[in-house]
Number of protein chains: 2
Amino acid sequence: MTNRNILVSIIEDDDTIRSGYSFLIGNTEGYEVVSSYSSYDAAAHKIASDKPDVILLDIEMPGTNGVDAIPRLKKLLPHAHVLILTVYESEKLIFEALANGASGYLTKNTPSAKIIASIKEVKEGGGPMSINIAKMVIRSFQKNQESPLSKRETQILEEISVGKSRSQIANELFIDLETVRSHIKNIYLKLNVNSRADAIKTARENRLI
Amino acid sequence: MTNRNILVSIIEDDDTIRSGYSFLIGNTEGYEVVSSYSSYDAAAHKIASDKPDVILLDIEMPGTNGVDAIPRLKKLLPHAHVLILTVYESEKLIFEALANGASGYLTKNTPSAKIIASIKEVKEGGGPMSINIAKMVIRSFQKNQESPLSKRETQILEEISVGKSRSQIANELFIDLETVRSHIKNIYLKLNVNSRADAIKTARENRLI
DNA sequence: TAAAAATTCACCCTATTGGGGTGATACCAT
DNA sequence: ATGGTATCACCCCAATAGGGTGAATTTTTA
């Protein structure tokens, strides 16, 4: 059997870039551009009937920005995959976009071949990323290797960070309640804080947990 | 000027696979295999003097497993990049490996060209991943779009998940302490839990936060 | 091997918190 | 107009969190 074309919608405010993508994708075997819009607001009422498999989405746009557009698009087209294509590389935007349901994140220096391959990849459930994005995403998982905290303290801070109380921690680690207190006091000293919330904040900022 | 070769060490217990990689990489222009070991334990005392730029590391190994080996390798060779090359695709292993300092994660069905490219990519500070790994990593960022919680409840649960107390939440959201309590009670009802720790656990498992 | 750090436990204190009930008002959106 | 949302109120009380201070033991590191 012959696979049907991958249907693509483009939402991008720059006319030149938009027609560039449109030309690139439309002239590739197996791909079809079903629509292109200059903003989410322009697309909102029509894109559902276009039934794209993949939506190429820009972040910087007039009106509704790309990040906010993602959940709305997912509501209109639950089975479509949103692939972000933007110049922005701020960690905040990337993680917001992914949290909102983006299936991939490419930066605009991405070569044409990679864009084409990525469209197919998201359509098949993959998660394509530009090299620099992958780097940030991976770094977001990595703990600080030079923590001021000891292993035990880190372990207890991790328990605190999931909302456990002192007594719950004591039970799980088979140590006395007073020992847990003692560790927490040392954690507060080292992190220079005096509450659970501040300890978690500082620890997250420094990737101690 | 001519760039010097990328120096690679391989730690992999399967003899056939290890010599396969060794041959592949050693015969590629610009790459050099400086050493290969069948386990971390075998490598521990010698690898520091090999001074590799990139360490290809297997997860399933006799003795010290790959995940535990990562922080030790990073300690011995702080500037080396660890690239995981394994058949395992369990979410737990992947995130543990990344948290422990792995710079990339490839599965063993990865084509040779991608392996070679990925070695260069980690050496240059990138974060290469196999398609299926990238998918899992991206999914780990995505929130559940159909939460049983209202916006306000989600917001309050997020505050709880960073260790805030009722009164802190009340102050930050400019609502009464009793209102916060009320929301928390509703959250507990909907999630069918009766403590902060359980609420956070359930919420994380269902990606509500 | 000696000093430093980590881990463990003990007992002082008190204001705050957390969780369970129950109920009410007002505002929405379907 | 009915169910969900958001807001606030008052009952209860055991448990918790955070602060002080001190000390024994083991492990790690210099």
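Only this structure's heavy atoms are used, side chains among them; waters, hydrogens and symmetry mates stay out.
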Exercise for the section: Supply the atom-to-atom distance A:E32 CD to A:S9 OG, rounded to the nearest 0.5 angstrom. Expected result: 10.5 Å
Practice task
Please report, rounded to the nearest Å, how far the P atom of D:dA17 is from the CD atom of A:E159.
Solution key: 13 Å
Exercise for the section: Measure across A:A203 and A:L157 and return the closest heavy-atom pair with its distance rounded to 0.1 Å. Expected result: CB-CD2, 3.5 Å
Practice task
Indicate yes or no: does B:D53 engage B:R4 in a salt bridge with an N to O separation below 4.0 Å.
Solution key: yes
Check: residues 65-77 of chain B side-chain donor-acceptor pairs under 3.5 Å, at least two apart:
unit_1 : atom_1 : unit_2 : atom_2 : d
B:N65  : OD1    : B:V67  : N      : 2.9
B:N65  : OD1    : B:D68  : N      : 3.0
B:N65  : ND2    : B:D68  : OD2    : 3.1
B:K74  : NZ     : B:A80  : O      : 3.3

Practice task
Kindly assign one of parallel, tilted or perpendicular to the pair A:F141 and B:F95, based on the angle between their ring planes and the thresholds 30° and 60°.
Solution key: parallel
Handout entry: Protein-nucleotide distance (B:L177, atom CG; C:dG18, atom P), rounded to Å
Key = 9 Å
Completion exercise
Rounded to the nearest 0.5 angstrom, the CG-CG distance for A:L56 and A:L83 is 5.5 Å
Exercise for the section: Return yes when atom CD of A:E146 has more than 12 non-hydrogen atoms of other residues, nucleotides or ligands closer than 6.0 Å, and no otherwise. Expected result: no
Problem - Strand contacts (DNA chain C) in residues 161-171 of chain B, 4.0 angstrom heavy-atom criterion - result: B:S165, B:R166, B:S167
Sort me out a list of protein N/O and nucleotides 3-8 of chain C N/O pairs below 3.5 Å, or just none if empty.
unit_1 : atom_1 : unit_2 : atom_2 : d
C:dA6  : OP2    : A:K190 : NZ     : 3.4
C:dT7  : OP1    : A:R152 : N      : 3.4
C:dT7  : OP2    : A:S150 : OG     : 2.1
C:dT8  : OP1    : A:R152 : NE     : 3.4
C:dT8  : OP1    : A:R152 : NH2    : 2.9
C:dT8  : OP2    : A:R152 : NE     : 2.8
C:dT8  : OP2    : A:H183 : NE2    : 2.9
C:dT8  : O4     : A:S182 : OG     : 3.0

Practice task
Determine whether the side chains of B:S130 and B:T107 contain a donor N or O and an acceptor N or O closer than 3.5 Å.
Solution key: yes
Exercise for the section: Ignoring hydrogens and angles, state whether a donor on the side chain of B:E60 or B:T86 is under 3.5 Å from an acceptor on the partner side chain. Expected result: yes
Exercise for the section: To the nearest Å, give me how far apart CD1 (B:I184) and P (D:dT5) are. Expected result: 17 Å
Practice task
Verify side chain to side chain contact (heavy atoms under 4.5 Å, CB included) between B:I55 and B:I47, making sure each step is shown before the conclusion.
Solution key: CA-CA 10 Å; B:I55 301 167; B:I47 198 166; 4.1 Å; yes
Problem - NZ/NE/NH1/NH2 to OD/OE distance under 4.0 Å, A:D58 and A:R18 - result: no
Any protein N or O atoms within reach of nucleotides 11-13 of chain C? Criterion: under 3.5 Å, listing atom names and distances.
unit_1 : atom_1 : unit_2 : atom_2 : d
C:dC11 : N4     : A:E178 : OE1    : 2.7

Handout entry: Those residues of residues 191-209 of chain B lying under 4.0 Å from DNA chain D by at least one heavy atom
Key = none
Handout entry: Angle of first-five versus last-five pair axes in the helix from C:dT1-D:dA30 to C:dT30-D:dA1, to 10 degrees
Key = 80°
Practice task
Kindly determine whether A:K51 and A:V34 satisfy side chain to side chain contact (heavy atoms under 4.5 Å, CB included), including the steps that lead there.
Solution key: CA-CA 8 Å; A:K51 298 197 193 306; A:V34 290; over 6 Å; no
Practice task
With the side chain counted from C-beta on, respond yes when B:I200 and B:I160 share a heavy-atom pair under 4.5 Å apart, and no when they do not.
Solution key: yes
Exercise for the section: Check A:R166 against A:L177 and note the closest heavy-atom contact, atom names and distance. Expected result: CB-CD1, 3.5 Å
Exercise for the section: Using distance alone, with no hydrogens and no angle criterion, decide if A:R152 and A:Q155 have a side-chain donor and acceptor under 3.5 Å apart. Expected result: yes
